[in-house]
**Student:** 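One structure is given below, represented as structure tokens, and several questions about it will come after.
Since the model is a prediction, treat every value here as computed from it, not as a measurement.
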Amino acid sequence: LLPCVPWQSQTSGQYQRRVHGGLEDNLILASSEDVGTPKEFKVPRQDAMICNLVKSIVEGDSDVDRIEIKKVQGDILELIVSYLKHHKGKVPQEIAKPIRSVKMEKIVEDEWDAKFINGLSKNVR
């Protein structure tokens with residue numbers, strides 16, 4: 001569904017921050033709009049690296065600084081960016097299976113994640 005699925009590194013589950021000229025390295029993630037100008041979001045590279053799509057693009061071109069997320073509109077990309085920035089490059093705890101509740105507060109470890117998921121529209125476009 002979402003093009004950004006968290007993955008975990010073999011060691012710490014967190015990425016090291018790349019620095020260029022003493023400043024934190026950022027990526028621009030751009031939406032793919034049917035009509036109008038794509039929305040762009042500045043995200044610290046470390047934060048964005050928990051997204052498999054971003055990770056694979058960066059592994060292929062470490063100097064990339066703008067990534068268009070195809071088939072994802074701005075409002076959805078804004079939610080993805082919010083999620084990435086909250087987790088700051090640290091992959092959330094995996095959800096235990098089988099899932100034994102419909103209440104997000106009992107399924108996910110991070111209270112923010114439960115509120116984030118509960119706040120999403122249940123309608124599928």
**Student:** Judged by modelled atom types alone, do Asp34 and Gln73 share a side-chain donor-acceptor pair under 3.5 Å?
**Tutor:**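 Per modelled atom types, Asp34 and Gln73 side chains form a pair under 3.5 Å.
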**Student:** Taking the side chain as C-beta and beyond, is there a heavy-atom pair between Cys51 and Tyr83 under 4.5 Å?
**Tutor:**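 A side-chain contact under 4.5 Å is absent here.
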**Student:** Mind checking salt bridge (charged side-chain N to carboxylate O under 4.0 Å, His left out) for Arg66 and listing every partner two or more places apart, or none if nothing turns up?
**Tutor:**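 Residues passing salt bridge (charged side-chain N to carboxylate O under 4.0 Å, His left out) with Arg66: Glu40.
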**Student:** Distance from Glu78 atom CD to Lys39 atom NZ, nearest 0.5 Å?
**Tutor:**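 These two atoms lie 6.0 Å from each other.
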**Student:** If I take atom CD from residue Glu33 and atom CG from residue Leu77, how far apart are they, to the nearest 0.5 angstrom?
**Tutor:**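 Rounded to the nearest 0.5 Å, the CD-CG separation comes out at 9.0 Å.
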**Student:** Contact between Val43 and Asn26 at the side-chain level, heavy atoms closer than 4.5 Å - yes or no?
**Tutor:**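 They are not in side-chain contact.
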**Student:** Let me confirm one number: the CE-OG distance from Met49 to Ser56, rounded to the nearest 0.5 Å.
**Tutor:**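 Here the interatomic distance stands at 9.0 Å.
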**Student:** Can you tell me how far the CG atom of Leu84 sits from the CG atom of Leu29, to the nearest 0.5 Å?
**Tutor:**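 Taking CG in Leu84 and CG in Leu29, the distance rounds to 7.0 Å.
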**Student:** Any non-hydrogen side-chain atom of Ile28 less than 4.5 Å from a side-chain atom of Phe41?
**Tutor:**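 The answer is no, as the side chains (C-beta and beyond) never meet within the 4.5 Å cut-off.
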**Student:** Going by atom types alone, do His86 and Asp47 pair a side-chain donor with an acceptor below 3.5 Å?
**Tutor:**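 No pair is found: no donor N or O on one side chain lies under 3.5 Å from an acceptor on the other.
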**Student:** Can you check whether Ser32's main-chain N or O pairs, donor with acceptor, with Glu68's side chain at less than 3.5 Å?
**Tutor:**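 No, the answer is negative, given that no donor and acceptor are paired below the 3.5 Å cut-off.
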**Student:** Do Leu27 and Val58 have side chains that approach each other closer than 4.5 Å (heavy atoms only, starting at C-beta)?
**Tutor:**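 Side-chain contact under 4.5 Å: yes.
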**Student:** Enumerate donor-acceptor pairs with a distance under 3.5 Å from any side-chain N or O in residues 113-120 to protein atoms, sequence neighbours excluded.
**Tutor:**
from, atom 1, to, atom 2, distance (Å)
Asp113, OD1, His87, NE2, 2.7
Asp113, OD2, His87, NE2, 3.3
Lys115, NZ, Glu111, OE2, 3.0
Asn118, ND2, Glu105, OE2, 2.9
Asn118, ND2, Ala114, O, 3.2

**Student:** State, to 0.1 Å, how close Gln46 and Lys88 come at their nearest heavy-atom pair, and which atoms those are.
**Tutor:**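 The pair with the smallest heavy-atom distance is NE2-O, 3.0 Å.
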**Student:** Show me the pairs that pass salt bridge (charged side-chain N to carboxylate O under 4.0 Å, His left out) and involve residues 93-103, at least two apart or across chains.
**Tutor:**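 Matches after skipping sequence neighbours: Glu94-Lys97.
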**Student:** Exactly one of Asn52, Ile67, Ile69 should register a side-chain contact (heavy atoms from CB on, under 4.5 Å) with Ile57. Which one does?
**Tutor:**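 So the option named by the test is Ile67.
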**Student:** What closest approach, in Å, do Ser31 and Pro38 show between heavy atoms, and which atom pair accounts for it?
**Tutor:**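 Heavy atoms only, the tightest pair is O-CB, 3.1 Å.
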